[in-house]
Asker: 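Please see the structure below; I have some questions.
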There are 2 protein chains.
Amino acid sequence: MPRATTTSDVFNAVAETKRREILSFLVGSERSVGDIVDALSLGQPSVSKHLKVLHEVGLVTRRRDGRRILYSVDAEAIRPLHEWTETFRRHWRHQLDRIKQRAENRPSSERKDE
Amino acid sequence: MPRATTTSDVFNAVAETKRREILSFLVGSERSVGDIVDALSLGQPSVSKHLKVLHEVGLVTRRRDGRRILYSVDAEAIRPLHEWTETFRRHWRHQLDRIKQRAENRPSSERKDE
DNA sequence: ATATCACATTCCGTTAACGGAATGTGTCAA
DNA sequence: TTGACACATTCCGTTAACGGAATGTGATAT
């Protein structure tokens, strides 16, 4: 069995650095393919292929504007990733708390924030 | 240029479903390789190889206990992933806010479907 | 020492991704 | 229509991941 397809889920889609860069570049604004090509150091075909992957997993939406096609992020599609990391969030907090406690040589104190 | 290595960063390491399952299984408790093999439906060599990848990117730590080796999650290593998703968090929140506002501003004048 | 347990590593065949070059498709202007 | 522009798709060679089988390594028990 080979590696999973890049379009199998969001995790595989954002595994590629260039695709993450595209998403970061796209945050909060519509951008044409040409804009992205200029922003990243990549050829136009490669950018189009990355955008295709991102579109297939729902991370970006397209809109035609004359000859150009404008892409936007659909942030909602990133939620599964965010929620998966949330599972581990309290654990790294607890680790930090324990480290702090040892460093300060104090008994445990409750932390309540959120 | 081929695909990035699974050990190149955390994003590539967690792209694989089985590795995410291992991490989820490992949350909050030390587990031996045998425990993981029993929990997932995978051969022992495959599990060991996945653990090697996770260890190389710092997502898990090892400890020997007699003949066995116990693995734990180092949740801290997941933070980069979490923080990257945080960039997009407020954007999907804004989307939800807009949906809520529409629902509140037009109490009963808009009925969809049925 | 030897057998056994628990795990790591190597070898193998299959499969897919990546960038670049070439080519295809659709839109606008004259 | 013709040509130019903006982007998508196809073809290609290179590279690495995946699981399973076989094998290697280290620790315990007798």
Side-chain angles (χ1 to χ4, degrees), chain A residues 1-23 25-26 29-73, chain B residues 1-23 25-26 29-73:
Chain A
M1 197 181 279
R3 196 185 246 189
T5 309
T6 55
T7 54
S8 54
D9 53 53
V10 181
F11 288 90
N12 282 277
V14 304
E16 194 68 14
T17 309
K18 299 294 185 182
R19 284 196 285 268
R20 289 199 301 278
E21 289 178 7
I22 290 175
L23 290 174
F25 181 68
L26 247 42
S29 57
E30 278 185 326
R31 302 284 194 172
S32 71
V33 178
D35 290 343
I36 301 170
V37 170
D38 293 342
L40 315 189
S41 34
L42 252 184
Q44 174 265 313
S46 293
V47 170
S48 285
K49 279 179 273 188
H50 282 312
L51 287 168
K52 185 180 185 182
V53 172
L54 294 173
H55 186 255
E56 283 189 46
V57 297
L59 279 164
V60 298
T61 55
R62 301 192 254 230
R63 182 172 74 83
R64 189 170 264 288
D65 174 42
R67 309 182 191 181
R68 304 181 306 162
I69 298 184
L70 301 179
Y71 282 84
S72 320
V73 178
Chain B
M1 198 180 280
R3 194 185 247 189
T5 309
T6 56
T7 54
S8 54
D9 54 52
V10 180
F11 288 91
N12 282 278
V14 303
E16 193 68 14
T17 308
K18 298 296 185 181
R19 284 195 285 266
R20 289 199 301 278
E21 290 178 7
I22 290 174
L23 290 174
F25 180 68
L26 246 42
S29 56
E30 278 185 325
R31 302 285 194 172
S32 70
V33 178
D35 291 342
I36 300 170
V37 170
D38 293 343
L40 316 188
S41 34
L42 253 183
Q44 174 264 312
S46 293
V47 169
S48 284
K49 278 180 274 188
H50 283 312
L51 288 169
K52 186 181 184 180
V53 172
L54 294 172
H55 186 255
E56 282 189 48
V57 297
L59 280 164
V60 298
T61 55
R62 300 191 254 231
R63 182 172 74 84
R64 188 170 265 287
D65 175 42
R67 309 183 190 180
R68 305 181 306 163
I69 298 184
L70 301 179
Y71 283 85
S72 321
V73 178

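Protein chains get the first letters and strands the later ones, always in sequence-line order, with residue 1 at the start of each. All values below come from the heavy atoms of this structure, side chains included, with hydrogens, waters and symmetry mates left out. Treat the numbers as computed from the prediction; the structure is a model and nothing was measured.
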Asker: I need the CD1-P distance between B:I69 and C:dC5, as an integer number of Å.
Answerer: 17 Å
Asker: Roughly, in whole Å, what's the span from CG in B:L42 to P in D:dA21?
Answerer: 12 Å
Asker: Side chains of A:L42 and A:H50: does their closest heavy-atom pair fall under 4.5 Å?
Answerer: yes
Asker: Heavy atoms from C-beta onward define the side chain here; which of D:dG19, D:dG26, D:dC18 lies closest to that of B:E16?
Answerer: D:dC18
Asker: Measure CZ/B:R62 against P/D:dT25 and give the value in whole Å, please.
Answerer: 16 Å
Asker: Check every atom of D:dG19, D:dG26, C:dG19 against the side chain of B:M1 and return the nucleotide holding the closest atom.
Answerer: C:dG19
Asker: Considering heavy-atom distances to DNA chain C, does A:T6 or A:K49 have its closest nucleotide positioned more toward the 5' end?
Answerer: A:T6
Asker: Find which nucleotide of DNA chain D each of B:V53 and B:P45 is nearest to by heavy atoms, and output the residue with the more 5' nucleotide.
Answerer: B:V53
Asker: Taking only side-chain N and O atoms of A:R19, does any of them lie within less than 4.0 angstrom of OP1 or OP2 on C:dC18?
Answerer: yes
Asker: Expressed as a whole number of angstroms, how long is the span from A:L51:CG to D:dA8:P?
Answerer: 6 Å
Asker: Is it the case that C:dG19 (base atoms only) and A:K18 (side chain only) share a donor and an acceptor within less than 3.5 Å, ignoring hydrogens and angles?
Answerer: no
Asker: In whole Å, what is the span from the CD1 atom of B:I22 to the C1' atom of D:dG19?
Answerer: 13 Å
Asker: Distance only, no hydrogens: is a donor on one side chain within 3.5 Å (strictly under) of an acceptor on the other, for A:T17 and A:E21?
Answerer: no
Asker: B:H50 side chain N/O closer than 4.0 Å to the phosphate oxygens (OP1, OP2) of D:dG19?
Answerer: yes
Asker: Looking at A:S32, I'd like to know whether one of its side-chain N or O atoms comes within less than 4.0 Å of OP1 or OP2 on D:dC7.
Answerer: yes
Asker: Could you check whether B:R31 and B:S29, counting side-chain N and O atoms only, form a donor-acceptor pair closer than 3.5 Å?
Answerer: yes
Asker: Once you round it to whole Å, what is the distance between P of C:dA8 and CZ of B:R63?
Answerer: 15 Å
Asker: OP1 or OP2 of C:dA6 less than 4.0 angstrom from a side-chain nitrogen or oxygen of B:Y71, does that happen here?
Answerer: no
Asker: Given D:dG20, C:dA29, C:dA8, which nucleotide is nearest the side-chain atoms of B:V33?
Answerer: C:dA8
Asker: To the nearest 0.5 Å, tell me how far B:I36 CD1 sits from B:S46 OG.
Answerer: 12.5 Å
Asker: Would you check if the side chain of A:N12 reaches a backbone N or O of A:T7 as a donor-acceptor pair within less than 3.5 Å?
Answerer: no
Asker: Mapping A:T5 and A:G66 to their closest nucleotides on DNA chain C, which lands nearer the 5' end?
Answerer: A:T5
Asker: Is it the case that the base of C:dA8 and the side chain of B:Q44 share a donor-acceptor contact (distance under 3.5 Å, atom types as modelled)?
Answerer: yes
Asker: Please report, rounded to the nearest Å, how far the C1' atom of C:dA17 is from the CZ atom of B:F11.
Answerer: 19 Å
Asker: Take atom CZ of A:R67 and atom P of D:dA8, then tell me their distance rounded to the nearest Å.
Answerer: 15 Å
